[in-house]
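What follows is a single structure, written as structure tokens, with notes after it.
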Amino acid sequence: MPSPFPGMDPFLEHPGVFPDLHDSFILYLREALQAQLPEPYFAMIRDRLWVELSERFIEPDVHIRKEGVEKRPGSSPPNGGAVGVLTRTHPIVIPVYHDERREDFLEIWVRDAAGERVVTVVEILSPSNKTPGDQGRDLYVSKQREVLRSPLNLVEVDLLRAGTHATGVPEPRLRREAGSFDYHVCMHLPNVWHSFLVYPIRLEEKLPRIEIPLLPGTPAVEVDLQAVFDRTYDAGPYRRKVKYTLAELPPPLSEEKLGWCRDVLKKHGVPAA
């Protein structure tokens, strides 16, 4: 059963849902591309790995702490008892746990007489990419800069309204040129160094058909992002997992768009509290 929304489903932006959507979307985007890429191009899923400190707490089975008693010089013990100051004879052991994080992205490769090489990088932005101070953002921005300075094509798909702007085109210029939008696709081609190609997307619209660039002289491959999203939604757990409750919609919408969401859900028979 498809999503009740014509384009991106805003309820899938929830941090407990989007990571699954992110990885599944990349999988089905590769499937769509693989079917259209001419020989000798092929698409591969790659990943970034990093380790982050975890806030989770694991209660140890036994606490062991050794303390000694140190007598203060010149002190008079009351009632003949001993007055002391507790001092630790060993350091405190504080466990700090680490979580391994992984983020998928797509690469389009070509095999020719020179061997195999990457020609296009396709990124689906994640919440960590749009969170200042997150190591995932630092790694993403570093990779983005590297690609923008290289002879590679870069395609960035941002399906998240929340977070700090992260795609290659500067946000003030993007907002000024594209007007009002909720999501967008940003492309950079190395042979057009000073320009970005942008597909602005409103919540009320279907996701667009976009052209994925390859090497100069090879026609770009068109991919229907809405078809990829629909396949991702149909194959995923979202209809069963997502609670279509407007009060919990992350991030909040304007009253106008909230009313539009309510009408969409009502039209599809989805109760929205």
Side-chain angles (χ1 to χ4, degrees), residues 1-33 35-36 104 106 122-127 129-130 155-167 171 174-175 177-187 197-212 222-273:
M1 185 179 294
S3 164
F5 292 90
M8 173 60 185
D9 187 328
F11 287 87
L12 271 57
E13 296 177 61
H14 191 285
V17 177
F18 193 84
D20 184 88
L21 176 74
H22 176 275
D23 291 352
S24 299
F25 194 94
I26 288 175
L27 176 66
Y28 294 120
L29 179 58
R30 182 186 66 171
E31 178 184 74
L33 284 170
Q36 299 185 68
D104 289 343
L106 270 180
V122 183
E123 295 272 7
I124 310 298
L125 268 64
S126 72
N129 301 152
K130 302 184 70 176
V155 179
E156 300 172 290
V157 181
D158 187 353
L159 299 177
L160 289 165
R161 290 172 294 122
T164 301
H165 180 77
T167 59
E171 184 177 17
L174 175 60
R175 294 287 177 184
E177 298 290 337
S180 176
F181 64 89
D182 298 290
Y183 315 104
H184 70 286
V185 178
C186 180
M187 294 189 191
L197 305 176
V198 176
Y199 296 79
I201 308 163
R202 292 173 59 85
L203 175 63
E204 303 88 342
E205 301 172 336
K206 286 188 173 183
L207 299 180
R209 292 176 175 269
I210 66 173
E211 292 190 339
I212 304 293
E222 185 180 79
V223 62
D224 186 343
L225 291 184
Q226 187 60 51
V228 174
F229 176 84
D230 291 344
R231 175 148 170 68
T232 303
Y233 191 95
D234 289 344
Y238 315 113
R239 172 66 74 168
R240 299 180 182 181
K241 178 175 176 57
V242 174
K243 293 181 179 179
Y244 285 95
T245 304
L246 293 176
E248 298 180 3
L249 186 61
L253 288 166
S254 66
E255 285 300 321
E256 179 184 355
K257 294 204 174 189
L258 201 60
W260 177 81
C261 285
R262 187 178 290 109
D263 292 342
V264 168
L265 295 175
K266 183 178 179 181
K267 177 182 177 181
H268 288 82
V270 180

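Because the structure is a prediction, the values reported are computed rather than measured.
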Taking ring pair (Phe, Tyr, Trp, His ring centres under 6.0 Å) as the test, write out the residues that go with H165, two or more places apart. H184
Supply the atom-to-atom distance M8 CE to F25 CZ, rounded to the nearest 0.5 angstrom. 8.5 Å
In Å, rounded to the nearest 0.5 Å, how long is the span from CG of L159 to CG of D9? 11.0 Å
When you look at L203 and K257, which way does the side chain to side chain contact (heavy atoms under 4.5 Å, CB included) test go after all the steps? CA-CA 8 Å; L203 175 63; K257 294 204 174 189; 4.3 Å; yes
Strictly distance-based, threshold 3.5 Å: is any side-chain N or O of E222 a donor or acceptor partner for the main-chain N or O of R209? no
Would you say that E13 contacts L249 through its side chain, given a criterion of any heavy-atom pair below 4.5 Å between the two side chains? no
Can you tell me how far apart CZ (R231) and CD (Q226) are? Round to the nearest 0.5 Å. 14.5 Å
So do the side chains of H268 and V264 get within less than 4.5 Å of each other, counting heavy atoms only? yes
Is there side-chain contact between V270 and R239, with at least one heavy-atom pair below 4.5 Å? yes
So how far is it from D158 CG to L125 CG, rounded to the nearest 0.5 Å? 5.0 Å
D182 vs R202, test: salt bridge (Lys or Arg N to Asp or Glu O under 4.0 Å). Steps then yes/no. CA-CA 5 Å; D182 298 290; R202 292 173 59 85; 5.6 Å; no
Can you find a pair of side-chain heavy atoms, one from E123 and one from V157, that are under 4.5 Å apart? no
Side chains of L27 and L29, heavy atoms from C-beta outward: is any pair under 4.5 Å? no
Can I get a per-line list of side-chain donor-acceptor pairs under 3.5 Å for residues 14-23, giving both atom names and the distance, sequence neighbours left out?
| unit_1 | atom_1 | unit_2 | atom_2 | d |
| --- | --- | --- | --- | --- |
| H14 | ND1 | G16 | N | 2.9 |
| D20 | OD2 | Y238 | OH | 2.5 |
| H22 | NE2 | I124 | O | 2.6 |

Calculate, to the nearest 0.5 Å, the distance between atoms OG1 and NZ belonging to T164 and K130 respectively. 8.0 Å
Has K206 got more than 12 heavy atoms of other residues, nucleotides or ligands less than 6.0 Å from its NZ? no
List in chain and number order the residues that pass side chain to side chain contact (heavy atoms under 4.5 Å, CB included) with A178, two or more places apart in sequence or in another chain; answer none if no residue qualifies. L174, F181, P200
Heavy-atom closest contact (Y199 atom, M187 atom, distance): CE1-CE, 3.7 Å
Would F5 and E204 count as a side chain to side chain contact (heavy atoms under 4.5 Å, CB included) if you check the C-alpha gap in whole Å, the side-chain angles of each, and the deciding distance to 0.1 Å? CA-CA 8 Å; F5 292 90; E204 303 88 342; over 6 Å; no
Determine, step by step, whether D230 and Y28 satisfy the side chain to side chain donor-acceptor pair (under 3.5 Å) criterion, reporting the C-alpha distance in whole Å, the side-chain angles of both residues, the deciding distance to 0.1 Å, and the verdict. CA-CA 10 Å; D230 291 344; Y28 294 120; over 6 Å; no
A side-chain contact here means heavy atoms from C-beta on lying under 4.5 Å apart; do P4 and Y244 qualify? yes
May I have the step-by-step check of side chain to side chain donor-acceptor pair (under 3.5 Å) for E205 and Y183, ending in yes or no? CA-CA 10 Å; E205 301 172 336; Y183 315 104; over 6 Å; no
Straight-line distance of D234 CG to S3 OG, nearest 0.5 Å: 9.5 Å
Sub-4.5 Å side-chain heavy-atom contact between V228 and V223: yes
Applying side chain to side chain contact (heavy atoms under 4.5 Å, CB included) to V185 and V198, what does each step give before you reach the verdict? CA-CA 6 Å; V185 178; V198 176; over 6 Å; no
